[in-house]
Amino acid sequence: MTVPPLIIAPSILAADFARLADEVRAVEHAADWLHVDVMDNHFVPNLTIGLPVVQSLRAATQLPFDVHLMIEDPRRWAPGYADAGAYNVTFHAEACDDPVALAKDLRSAGAKAGLAIDRDTPIEPYLDLLPSFDTLLIMTIKAGFGGQRFIPQLLDKVRAARGHVASGHLELRIEVDGGIAADTIEQAAAAGADAFVAGTAVYGADDPAEAVRRLRGLAERAATGA
Ligand code: DX5
Ligand code: ZN
């Protein structure tokens, strides 16, 4: 079995918002996706950026956008991000009463569809929905803020999802988000994650591109058991 290539997705939540285009270009040749955290001050207490920023940034980089919507009423807003050219649009299971219908909308708008599972949400009720999705984002913190401490127990959900994906022969990326850094990425990769969001660990580093390369090396070794 070939090991699929790993995705490293720097989160611009930890970047300098006054220099966003430069911050994105700093990881342009090292990263695979750019993770964009959209928060609405309702689904989570924090407030970040929305569609106009995503539209402007789209012209500033070649990197695929991995949009993580931490918002209420994603059915209303999510397709707009697909229309704006996002590669992958992920919304939260907790905010949506018909995730499969929204996944369908996103795919017909030309994007990959992602389902996010927050810290306190069990994975089991959602496993049967996974054939409708391209990405499963498992929070390894409580959604809402960067810079929080990684919760290793949440990797049990990654293991459960990876087992389900393997037994069902599904094509699905399993992404982890929250507290991913040099001292945590290996355990997440060993648990079966193959996409890794990192905010503080990338933009808190002196050289963000080098930080991405280092994370990739650690994840690759852990994923292949080398
Ligand atoms: C938090 C966001 C994360 C955040 C991660 O709710 O979804 O993407 O940027 O930041 P770090 O890597 O600092 O935990
Ligand atoms: Zn995120």
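Numbering of ligands and ligand atoms starts at 1, following listing order. The figures here come from the full heavy-atom set of this structure, side chains too, leaving out hydrogens, waters and symmetry mates.
Interface of Gly178 with ligand 1, defined as ligand atoms under 4.0 Å from a residue heavy atom, comprises 14 (O). Of all atoms in ligand 1, numbered sequentially from 1 with element shown, those under 4.0 Å from a heavy atom of His68 are 7 (O). Near His35, meaning under 4.0 Å from one of its heavy atoms, ligand 1 places the atoms 8 (O). For ligand 1, the atoms sitting less than 4.0 Å from at least one non-hydrogen atom of Ala143 are 6 (O), numbered in the order shown with element in parentheses. Heavy-atom contacts of Met70 reach the following atoms of ligand 1: 6 (O), 7 (O) (cutoff under 4.0 Å). Close approach of ligand 1 to Val197 (heavy-atom distance below 4.0 Å) involves ligand atoms 8 (O).
Where the criterion is an N or O separation shorter than 3.5 Å, residue side chain and backbone included, Thr200 meets it with respect to ligand 1. The N/O atoms of Leu13, backbone and side chain alike, include none that comes under 3.5 Å of an N/O atom in ligand 1. Below 3.5 Å of separation, one finds no N or O of Gly146 facing any N or O of ligand 1. An N or O contact shorter than 3.5 Å links Gly144 to ligand 1 by distance. Backbone and side-chain nitrogen or oxygen atoms of Ile141 are examined, and none is located within less than 3.5 angstrom of a nitrogen or oxygen of ligand 1.
Of the protein's non-hydrogen atoms, Asp37 OD1, 3.4 Å is the one closest to atom 2 (C) of ligand 1. Closest to atom 11 (P) of ligand 1, if we only count protein heavy atoms, is Gly147 N, 3.7 Å. With respect to atom 9 (O) of ligand 1, the closest heavy atom belonging to the protein is Ser11 OG, 2.8 Å. Of all protein heavy atoms, the one lying nearest to atom 1 (C) of ligand 1 is Phe145 O, 3.6 Å. Summary of contacts: the protein heavy atom closest to atom 12 (O) of ligand 1 is Gly199 N, 2.8 Å. Scanning the protein for heavy atoms near atom 14 (O) of ligand 1, the closest one is Gly179 N, 2.8 Å.
Heavy atoms only, all atoms of each residue included: Tyr81 and Leu69 are closest at CE1-CD2, 3.8 Å. Between Ala109 and Asp83 the shortest heavy-atom distance is CB-OD1, 3.9 Å.
In summary, of the residues considered (Leu6, Thr140, Leu215), a side-chain contact (heavy atoms from CB on, under 4.5 Å) with Phe196 occurs for Leu6 alone. Test Thr48, Asp177, Thr135 against His68 for side chain to side chain donor-acceptor pair (under 3.5 Å) and you get one pass: Asp177.
Put simply, no part of Lys142 is less than 4.0 Å from ligand 1, judged by heavy atoms. Under a 4.0 Å heavy-atom criterion, Ala201 is not in contact with ligand 1. Taking 4.0 Å as the cut-off, Ala14 does not count as a neighbour of ligand 1 on heavy-atom distance.
Between Met70 and His92, the closest side-chain pair of non-hydrogen atoms falls below 4.5 Å. In this structure, Asp66 and Tyr87 have side chains that are not in contact, with every pair of non-hydrogen atoms separated by 4.5 Å or more.
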Self-check item: Worked verdict on Val100 versus Asp98 for side-chain contact (heavy atoms from CB on, under 4.5 Å)
Solution: CA-CA 6 Å; Val100 170; Asp98 193 348; 4.2 Å; yes
Quiz item: Please walk me through it: do Gln187 and Leu155 pass side-chain contact (heavy atoms from CB on, under 4.5 Å)?
Solution: CA-CA 8 Å; Gln187 36 182 314; Leu155 292 180; 4.0 Å; yes
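Heavy-atom neighbours of Arg216 CZ from other residues, nucleotides or ligands within 6.0 Å: above the threshold of 12. No more than 12 heavy atoms of other residues, nucleotides or ligands lie within 6.0 Å of CD in Glu171, so this atom counts as exposed by the packing criterion.
Under 4.0 Å from ligand 1, the heavy atoms of Asp177 that appear belong solely to its side chain. In Ala198, the part holding a heavy atom less than 4.0 Å from any atom of ligand 1 is the backbone.
Here the CD-CG distance, from Gln62 to Leu34, works out to 12.5 Å after rounding to the nearest 0.5 Å. Note that the CG atom of Leu136 and the CZ atom of Arg162 stand 9.5 Å from one another [nearest 0.5 Å]. How far CG of Asn88 is from CZ of Arg173: 10.0 Å, rounded to the nearest 0.5 Å.
Under the 3.5 Å distance criterion, the side-chain polar atoms of Glu175 are left unmatched by any main-chain donor or acceptor of Ala193.
Residues satisfying the ring-ring contact (aromatic ring centres under 6.0 Å, His included) test with Phe91, not counting sequence neighbours, are Phe133.
Residue pairs meeting the ring pair (Phe, Tyr, Trp, His ring centres under 6.0 Å) criterion with at least one partner in residues 145-172, sequence neighbours excluded, are absent.
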Expected list for residues 13-27: side-chain donor-acceptor pairs under 3.5 angstrom, two or more places apart:
| residue | atom | partner | partner atom | Å |
| --- | --- | --- | --- | --- |
| Asp16 | OD1 | Ala18 | N | 2.9 |
| Arg19 | NH1 | Glu23 | OE1 | 3.4 |
| Asp22 | OD1 | Arg25 | NH1 | 3.4 |
| Glu23 | OE2 | Asp16 | N | 2.7 |
| Arg25 | NE | Ala60 | O | 3.4 |

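For the Zn ion (ligand 2), the tally of protein N/O/S atoms lying closer than 2.8 Å stands at 4.
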